[in-house]
Protein chains: 2
Amino acid sequence: MAARSYGQYCGVTTAVELIGERWALLIVRDLLVGPRRYTDLKQGLPRIPTNILSSRLTQLQEAGVVRRVPMRNCGLVYELTPYGQALEPIVLALGRWGFQAMGDPDEGDVVTPDSLTMALRTSFQSGSGDRFDIELHVGDVALRVIVDAGVLTVAQLAPPAPPVGGALPPGEPEAVVVAGPGIRRLIAGAVTPAEAIAQDVVAVVRGEERILDAFARTFHIAPIPAPAILESLEPIGLP
Amino acid sequence: MAARSYGQYCGVTTAVELIGERWALLIVRDLLVGPRRYTDLKQGLPRIPTNILSSRLTQLQEAGVVRRVPMRNCGLVYELTPYGQALEPIVLALGRWGFQAMGDPDEGDVVTPDSLTMALRTSFQSGSGDRFDIELHVGDVALRVIVDAGVLTVAQLAPPAPPVGGALPPGEPEAVVVAGPGIRRLIAGAVTPAEAIAQDVVAVVRGEERILDAFARTFHIAPIPAPAILESLEPIGLP
DNA sequence: CCGGATCCGAATCGATACTG
DNA sequence: CAGTATCGATTCGGATCCGG
């Protein structure tokens, strides 16, 4: 038994030993968007020390979560193995859970292309039946967000450079939406689309403002219900 | 922004800041079984330093995940808030995921009542339609495991002392099953119930051996499929 | 620029002892 | 029972450096 092991024969313990160390799950979060180079990961996690990134990538490889793939004439990329891909529903659920505890951003907090992409996946409701194609700006991040037939597609536009995220879909977006981090309140249902515009949480700088109705229906996180079960629960193991 | 913050405005980041520190999620795992006293938690996590347990409980309270409830004439218990309860599907999914990477136990690894209880919840397939009532022993841990009408009920029998986990169901179990940690192979489908008996992974010390068929159907974790999608994936963000 | 490796002070963790 | 206090061992964070 390793010195730093939790010392239990248990699936949760094993999982936490594989991906529970600091920064590890955030690396996985970014890799869930797509394969990334060492430098991409460093940019997507601005506060990670370079030795920690290096060390985590090694550990995640040993754990069978990540794989290192040399590219023809352009360096190498890290990508998730199928086992690592299986973390997607867990990371999305964690994002939904953490979202509920998110307040306003602290001074210096950033939004990255990968974190925003995963945030959209986190809050995506495929059943809304809506259909749209917009360009979404939050801070410096610009994404093309397309919802069609219950499928969400996100392409990263900037920064820094031209189209990232595969082939840019043809045509123009129906609307260009600029939001601050307060867009969180719209997704949480704390404001209606009309209120969000009035309060400058979101602005539709090109296209019809009604697009926000579809957006709010499609990206919505319902608050965790408070079942008040625990109030009446009798403690266990007491005489 | 706190010094140790990840510096991102993101749900996943927030979640990891709340429950990502060492030992935190294992405390949550045990509390998902039921309210626990400080000493219960310490016993359920034999390798946790007492100052870390103390510190985590404080942080989890500040995060709104855990609540401290004074009990009438018998100390106090920690229990999950509704927000903490919402972690249940995430912890179960993590347990399923980690299970796939679990090999044989290391020297000194233990199985605790709470970890085994959660492991059963992790692998429970409510759709199997089976119905049974057994006493399950793994190492020192003894549980009464009842499956009926698609509902799993687990009561902790020992150790250390008499009935824990609410009122002990009346009547006798249909079977008493004694297993080693190798029961994992049965749950993973690596052995059939008959093979599990032959290989001494599991013994039915009282009752019919066929009960293991129902057990194996009811507690089964299918391996993560390897879609081999990633093999052909083109890296993103490269010219 | 890419993909790290090295070094060092700061913060956290782990083990043990001790207390109301 | 429910924790504090202390202190050495590890890990983390920040900066710098280096070969391609």
Side-chain angles (χ1 to χ4, degrees), chain A residues 1-8 16-17 20-27 30-31 35-61 66-79 108 159-161 235-239, chain B residues 1-8 16-17 19-27 30-31 35-61 66-79 108 160-161 235-239:
Chain A
M1 185 175 44
R4 224 173 132 78
S5 153
Y6 292 103
Q8 301 195 356
V16 172
E17 280 171 357
E21 270 175 303
R22 205 164 154 71
W23 292 106
L25 207 60
L26 303 184
I27 294 171
D30 283 8
L31 290 179
R36 291 288 181 267
R37 289 177 300 183
Y38 187 90
T39 319
D40 299 330
L41 291 168
K42 209 162 83 160
Q43 282 203 352
L45 302 166
R47 302 195 43 160
I48 196 175
T50 161
N51 56 342
I52 297 295
L53 174 56
S54 175
S55 150
R56 289 296 171 274
L57 285 170
T58 303
Q59 292 162 355
L60 289 171
Q61 282 174 83
V66 160
R67 155 166 81 196
R68 198 175 195 263
V69 182
M71 297 303 301
R72 36 163 183 29
N73 72 38
C74 53
L76 46 81
V77 295
Y78 294 90
E79 64 181 21
I236 287 179
L238 305 176
Chain B
M1 187 174 44
R4 208 145 194 265
S5 154
Y6 291 103
Q8 301 194 357
V16 172
E17 281 172 356
I19 51 156
E21 269 175 304
R22 203 164 154 69
W23 293 104
L25 207 59
L26 302 185
I27 294 172
D30 283 8
L31 291 179
R36 290 289 181 266
R37 287 177 300 184
Y38 186 90
T39 318
D40 299 330
L41 291 168
K42 206 163 87 165
Q43 282 203 351
L45 303 167
R47 301 193 45 158
I48 195 176
T50 159
N51 55 343
I52 297 295
L53 174 56
S54 175
S55 147
R56 288 297 171 273
L57 285 170
T58 303
Q59 293 163 354
L60 289 171
Q61 283 175 80
V66 160
R67 154 167 80 196
R68 198 178 194 260
V69 182
M71 297 302 300
R72 35 159 183 34
N73 71 38
C74 51
L76 47 81
V77 294
Y78 294 90
E79 64 180 22
I236 287 179
L238 305 176

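Predicted model, so just to flag it, every value in this text is computed and none were measured. Both backbone and side-chain heavy atoms feed into the values below; hydrogens, waters and symmetry mates do not. Letters A, B, ... are given to chains in the order of the sequence lines, protein chains preceding strands, and every chain is numbered from 1.
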### Message
Tell me whether the side-chain N or O atoms of A/N51 pair up with the base of D/dG13 as donor and acceptor below 3.5 Å, since no angle test is needed here.
### Response
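Looking at the base of D/dG13, it does pair with a donor or acceptor on the side chain of A/N51 (distance under 3.5 Å).
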Of the listed nucleotides ([options]), which one gets closest to any side-chain atom of [X]?
{"X": "A/R4", "options": "C/dA15, D/dT11, C/dC2", "value": "D/dT11"}
{"X": "A/T50", "options": "C/dA17, D/dC1, C/dG4", "value": "C/dG4"}
{"X": "B/R37", "options": "D/dC1, D/dG13, D/dC12", "value": "D/dC1"}
{"X": "B/R22", "options": "D/dA15, C/dG14, D/dG3", "value": "C/dG14"}

### Message
Test your reading of the model: is there a side-chain donor-acceptor pair from B/E17 to the backbone of B/Y6, 3.5 Å cut-off?
### Response
yes
### Query
Is there a donor-acceptor contact under 3.5 Å from the side chain of B/Q8 to the main chain of A/G44?
yes
Quick one: [X] [atom1] to [N] [atom2], roughly how many Å, whole number?
{"X": "A/I27", "N": "C/dG4", "atom1": "CD1", "atom2": "C1'", "result": "14 Å"}
{"X": "A/Q61", "N": "C/dG3", "atom1": "CD", "atom2": "P", "result": "13 Å"}
{"X": "A/R47", "N": "C/dA11", "atom1": "CZ", "atom2": "P", "result": "13 Å"}
{"X": "A/L45", "N": "D/dG13", "atom1": "CG", "atom2": "C1'", "result": "14 Å"}
{"X": "B/R36", "N": "D/dA2", "atom1": "CZ", "atom2": "C1'", "result": "17 Å"}
{"X": "B/I52", "N": "D/dT10", "atom1": "CD1", "atom2": "P", "result": "15 Å"}
{"X": "A/E21", "N": "D/dT11", "atom1": "CD", "atom2": "P", "result": "8 Å"}
{"X": "B/L53", "N": "C/dA15", "atom1": "CG", "atom2": "P", "result": "14 Å"}

Residue-phosphate contact under 4.0 Å: [X] side-chain N/O, [N] OP1/OP2:
{"X": "B/Y6", "N": "D/dG13", "answer": "no"}
{"X": "B/W23", "N": "C/dG14", "answer": "yes"}
{"X": "A/S54", "N": "C/dA5", "answer": "yes"}

### Query
Looking across every strand, which nucleic acid part, if any, lies under 4.0 Å from B/L76 by heavy atom: base, sugar-phosphate, or nothing?
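It contacts sugar-phosphate atoms only.
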### Message
Please classify the nucleic acid contact of A/T39 as base, sugar-phosphate, or nothing, using heavy-atom distances under 4.0 Å.
### Response
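Sugar-phosphate: the residue A/T39, judged by heavy atoms under 4.0 Å, touches backbone atoms but no base.
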### Task
Determine, step by step, whether A/R22 and B/R4 satisfy the side chain to side chain contact (heavy atoms under 4.5 Å, CB included) criterion, reporting the C-alpha distance in whole Å, the side-chain angles of both residues, the deciding distance to 0.1 Å, and the verdict.
CA-CA 10 Å; A/R22 205 164 154 71; B/R4 208 145 194 265; 3.4 Å; yes
### Task
Would you kindly compare B/S55 and A/K42 by the position of their nearest DNA chain C nucleotide and give the one closer to the 5′ end?
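Looking at the nearest nucleotide for each, A/K42 comes out on the 5' side.
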### Query
Quick one: which of B/L57, B/D30, B/D40 gives a side-chain contact (heavy atoms from CB on, under 4.5 Å) with B/Y78?
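Between B/Y78 and the candidates, side-chain contact (heavy atoms from CB on, under 4.5 Å) is satisfied uniquely by B/L57.
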### Query
Does B/R68 or A/Q59 map to a spot on DNA chain D nearer the 5' end, using the closest nucleotide for each?
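Checking each residue's closest nucleotide, the 5'-ward one belongs to B/R68.
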### Query
Between atom CZ of A/R36 and atom CG of A/L45, what is the distance when rounded to the nearest 0.5 Å?
11.0 Å
